[in-house]
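Order of the sequence lines fixes the chain letters, A, B, ..., with proteins taken first and strands second; residue numbering starts at 1 for each chain. Nothing here was measured: the structure is a model prediction, and the numbers come from that model. Basis for what follows: all heavy atoms, side chains included, without hydrogens, waters or symmetry-related copies.
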Amino acid sequence: MKANRRPDLSVEIAGLKLKNPVLAASGTFGYGTEYGPLARAAEFGAVITKTVTLAPRTGNRPPRICETASGMLNSIGLANVGIEQFLSHKLPALKKTGATVIANIAGNTVEEYVMLARRVNQHPGVAALELNISCPNVKQGGIAFGTDPKAAADLTRAVRRAWPKPLIVKLSPNVSDITPIARAAELAGADALSLINTLYGMAIDIERQRPVLGNVTGGLSGPAIKPVALYHVHKAYQAVKIPLIGLGGISNGHDAVEFMLAGAAAVQIGTANFCDPSSADRTVRGLSDYCIKHGIGKVSQLTGRLKCV
Amino acid sequence: MTHSITAQVGSNREVSPQIYRMALKLPQRKITGQPGQFVHLRLLQGTTASILRRPFSIHRLTSGRLWLLYQVKGTVTRAMASLTPSDSVELMVPLGNGYRINRSRQEHLLVAGGMGLAPMLFMADHLKKVGLKHRILFGCRSSSYLLPAPTGCRVASDDGSCGVRGPVTCLLEAEFSRCNNAAVYACGPWPMLRATASLCRRYKVPCQVSLESFMACGVGACQGCAIRAADGEYLTVCNQGPVFDAELIDWTQEHTV
């Protein structure tokens, strides 16, 4: 391969320059260092941290995960070390890897999200914030903001005032139409949208006649949800002008190209990190190969290239 | 250091009904492991329906070979059973923390329930190598679940069809009445581990247990394999375990795998 034929894989999202469009999805790459040499944080365009809350959370009652056909259910329950421990210990270790860091935050109230944004803003190490308004596994907050356009807008507007850097809002697929929420977040000042978070789901142990998950229900992820995720990206791309970051069942270059064609400016690898820690590396190479094959000089030219007629 | 490797199947034999022993050829000699550590396995010719890896204790490890002992229970283990020496699997190896040998004790009792025998041959090899006195106590449902174990292994079965009738803790209690300076290392089903932990506490014998859990990442990133600790917090089986001091675990919880 000639060097001059190698495509430019860098993308820019809301002023944030990323060396490639493949990001680690929140909750699947911990605080960025757990995989050690098996998956290096710096190989991703950016690492989105596990959701951080104000106080530490121990998480939900086990079992917390379960495999389902071409996917998995989880009900982790936002187990995390809390913002102070995150900033003092986890963030410096992740920064040391050279990775671009996007912090994912969640609160029970608008005020909690704002406090988190302010606190993160006191540290220079975080390049962007992703608001988790779509976690299906906690009683308060989370998805309550992600299924109502007004609540999503109010929250986004409030955090926008407290956070000067790129602001990403992560949307839930557990709505009949994602576009009103997408538009509400855009109007309230979001710089980009991540979609989708997990779908509500459950599994039952028929011998014990009990739910498999300790939390009864959970969130479905993995290849099983890819068509649903693509659908929502496709719909949202027609509804908003801000960049979209697509996720849901992506594990290789083929999947990533599909999302970009549907309108995503970047993608996230989630469940595939569990199946194969080298998924991101493979996805980046697959994107590059596709661009070469199709004579595309810049990966960002793929975004929204889908021809429906 | 943990490696991600592709390993070719050396052999794969049914050693007891529905229980197989698989030898994998290691491509790198530098792969090391401790008894109690595990591998996270993925089938190369995987079905698209099953996406997650499966954790297995290291059954035995020599330079160049790694053995697994597994029971056919679901789609992945069924597919594993059909692998032949031309096939390969992917492994993350080694993962987790193994058993810590308690050198202040004179005798080392390896208590295995059913498939819990898997890490104990590796442990026995290791104890033998360092010259420590040890014995395997093996409990199973019946003689059809009997697994090949080294000579000197004591056996108990629920129906008395092999060894003494009763739970493996009967054998353990007999050992305690004979020796008051033992350390216990256990692996097996949750109720058996709970009974072992309880007996050890009663006799004030240090006990380490190897736990099993549904697992996704295997490295402490997802928090999916959590189990409740005695202090009410959660522990991740993959990277804080799978071997824990029995005292750390909340044995009142129900734990299913």
Side-chain angles (χ1 to χ4, degrees), chain A residues 24 26-39 47 49-51 56-81 205 207-208 210-214 218 221-224 249 251 270-278 281, chain B residues 1-6 40-44 46-55 73-76 89-96 190 211-229 231-240 249-250 253-257:
Chain A
S26 180
T28 66
F29 208 67
Y31 302 104
T33 59
E34 290 85 349
Y35 287 86
L38 303 182
V47 167
T49 67
K50 178 145 189 57
T51 296
R57 288 178 63 98
T58 54
N60 285 338
R61 184 182 149 179
R64 292 176 174 179
I65 58 167
C66 150
E67 190 179 61
T68 58
S70 296
M72 68 178 282
L73 290 165
N74 88 77
S75 64
I76 309 295
L78 303 185
N80 80 94
V81 297
D205 177 339
E207 293 309 318
R208 296 169 61 241
R210 298 182 66 87
V212 174
L213 296 175
S221 65
S251 63
T271 301
N273 288 317
F274 304 149
C275 315
D276 181 2
S278 64
D281 185 47
Chain B
M1 181 161 118
T2 306
H3 299 265
S4 179
I5 61 166
T6 302
H40 218 14
L41 181 144
R42 189 166 85 120
L43 296 172
L44 279 170
T47 63
T48 51
S50 180
I51 60 162
L52 295 178
R53 287 174 180 253
R54 295 292 188 272
K73 284 187 95 170
T75 52
V76 173
V89 297
E90 277 183 31
L91 297 178
M92 287 158 66
V93 55
L95 291 172
W190 180 255
L211 300 183
E212 203 175 5
S213 184
F214 291 126
M215 204 174 275
C217 72
V219 296
C222 74
Q223 313 277 314
C225 61
I227 191 151
R228 200 165 62 237
D231 65 4
E233 297 287 309
Y234 286 101
L235 296 162
T236 47
V237 171
C238 69
N239 73 326
Q240 293 181 291
I249 304 301
D250 174 3
Q253 71 196 302
E254 284 311 314
H255 179 62
T256 49
V257 283

Per-residue contact mode, D205(A) against chain B (heavy atom under 4.5 angstrom): neither
Side-chain H-bond candidate by donor/acceptor type, T75(B) with S50(B), under 3.5 Å: no
Side chain / backbone / both / neither for S278(A) at chain B, heavy atoms under 4.5 Å: neither
Proximity breakdown for R208(A) and chain B, heavy-atom pairs closer than 4.5 Å: side chain
Check: I249(B) and W190(B) side chains under 4.5 Å, non-hydrogen atoms: yes
R64(A)/N74(A) under side chain to side chain contact (heavy atoms under 4.5 Å, CB included): CA gap, chis, key distance, verdict: CA-CA 5 Å; R64(A) 292 176 174 179; N74(A) 88 77; over 6 Å; no
Largest heavy-atom contact set with chain A, pairs under 4.5 Å, which of T2(B), V219(B), V257(B): V219(B)
Contacting moiety of H3(B), where chain A heavy atoms sit under 4.5 Å: backbone
Sidechain-backbone polar pair: H40(B) side chain, A216(B) backbone, donor-acceptor under 3.5 Å: yes
Considering all heavy atoms, the nearest F274(A)-L52(B) contact: CB-CD2, 4.1 Å
Structural part of F29(A) lying under 4.5 Å from a heavy atom of chain B: backbone
Max heavy-atom pair count under 4.5 Å with chain A, selected residue of E90(B), R228(B), E254(B), M92(B): M92(B)
